[in-house]
There are 2 protein chains.
Amino acid sequence: MNKAVFYHAGCPVCVNAEERITEIVDRSRYDVEIVHLGENKGRIAEAEAAGVKSVPALVLNSDVLHINHGASMAEVKG
Amino acid sequence: MNKAVFYHAGCPVCVNAEERITEIVDRSRYDVEIVHLGENKGRIAEAEAAGVKSVPALVLNSDVLHINHGASMAEVKG
């Protein structure tokens with residue numbers, strides 16, 4: 001099973017992107033973990049190390065797909 | 001079958017996003033059409049009407065997911 005991580009911060013743009021992404025992904029091949037960085041600030045470093053510059057973002061192996069723009073990582077850190 | 005349209009302009013950012021999106025989408029539920037706007041300038045108006053501001057972008061029904069940033073629509077029109 002492939003792993004994908006969707007990082008977001010609860011913003012409207014994030015919620016919309018999350019709905020669309022979880023809707024289109026082939027769940028028989030991908031396990032999608034949803035991480036709310038506002039509620040899991042301990043995982044911000046991991047997201048940044050993966051290359052996440054803004055949320056919402058989907059990390060697939062070594063690639064980061066920034067999907068629309070909800071908030072920058074600086075804003076997420078608050 | 002649901003319809004999704006992936007608009008791009010052949011740029012490296014576009015190619016990478018196309019690979020990831022076509023990889024994760026559940027093809028048993030989604031029919032993904034790939035449209036190269038540089039080669040199909042006649043479809044630029046349709047993309048703009050759907051809300052596409054930059055490429056690569058994935059249009060799902062009434063939602064537009066701008067994925068990373070390859071080029072603005074102004075650049076695509078060139």
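Heavy-atom basis, side chains included; hydrogens, waters and symmetry copies ignored.
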| field | Least distance between heavy atoms, A:Arg29 atom then B:Val25 atom | value | NH2-O, 3.7 Å
| query | Got A:Ile24 and B:Leu60 here, is their nearest side-chain heavy-atom distance under 4.5 Å? | reply | yes
| query | Between A:Ile67 and B:Asn68, is any pair of side-chain heavy atoms under 4.5 Å apart? | reply | no
| remark: Interatomic distance, CD1@B:Ile21 vs CG@A:Leu58, rounded to 0.5 Å, equals 7.5 Å
| request: Find out if a path of hydrophobic residues (ILVMFWY) with successive side-chain heavy-atom gaps under 4.5 Å connects B:Val76 to B:Val5. | output: yes
| request: Write down the atom of B:Asn16, the atom of A:Asp63, and the distance for their closest heavy-atom approach. | output: ND2-OD1, 3.2 Å
| Are B:Tyr7 and B:Tyr30 co-members of a hydrophobic cluster defined by side-chain heavy atoms under 4.5 Å apart? | no
| request: Tell me whether A:Val64 is reachable from A:Phe6 by hopping between hydrophobic residues (I, L, V, M, F, W, Y) whose side-chain heavy atoms are closer than 4.5 Å. | output: no
| Do B:Val32 and A:Val32 belong to the same hydrophobic cluster, where Ile, Leu, Val, Met, Phe, Trp and Tyr are linked whenever their side-chain heavy atoms lie under 4.5 Å apart, directly or via other members? | yes
| request: Check whether A:Val13 gets within reach of chain B through its side chain, its backbone, both or neither, counting any heavy atom under 4.5 Å. | output: neither
| field | Single-linkage hydrophobic cluster B:Leu65~A:Ile34, side-chain heavy atoms < 4.5 angstrom | value | yes
| So which of B:Arg27, B:Arg20, B:Glu19, B:Lys53 has the largest heavy-atom pair count under 4.5 angstrom toward chain A? | B:Arg20
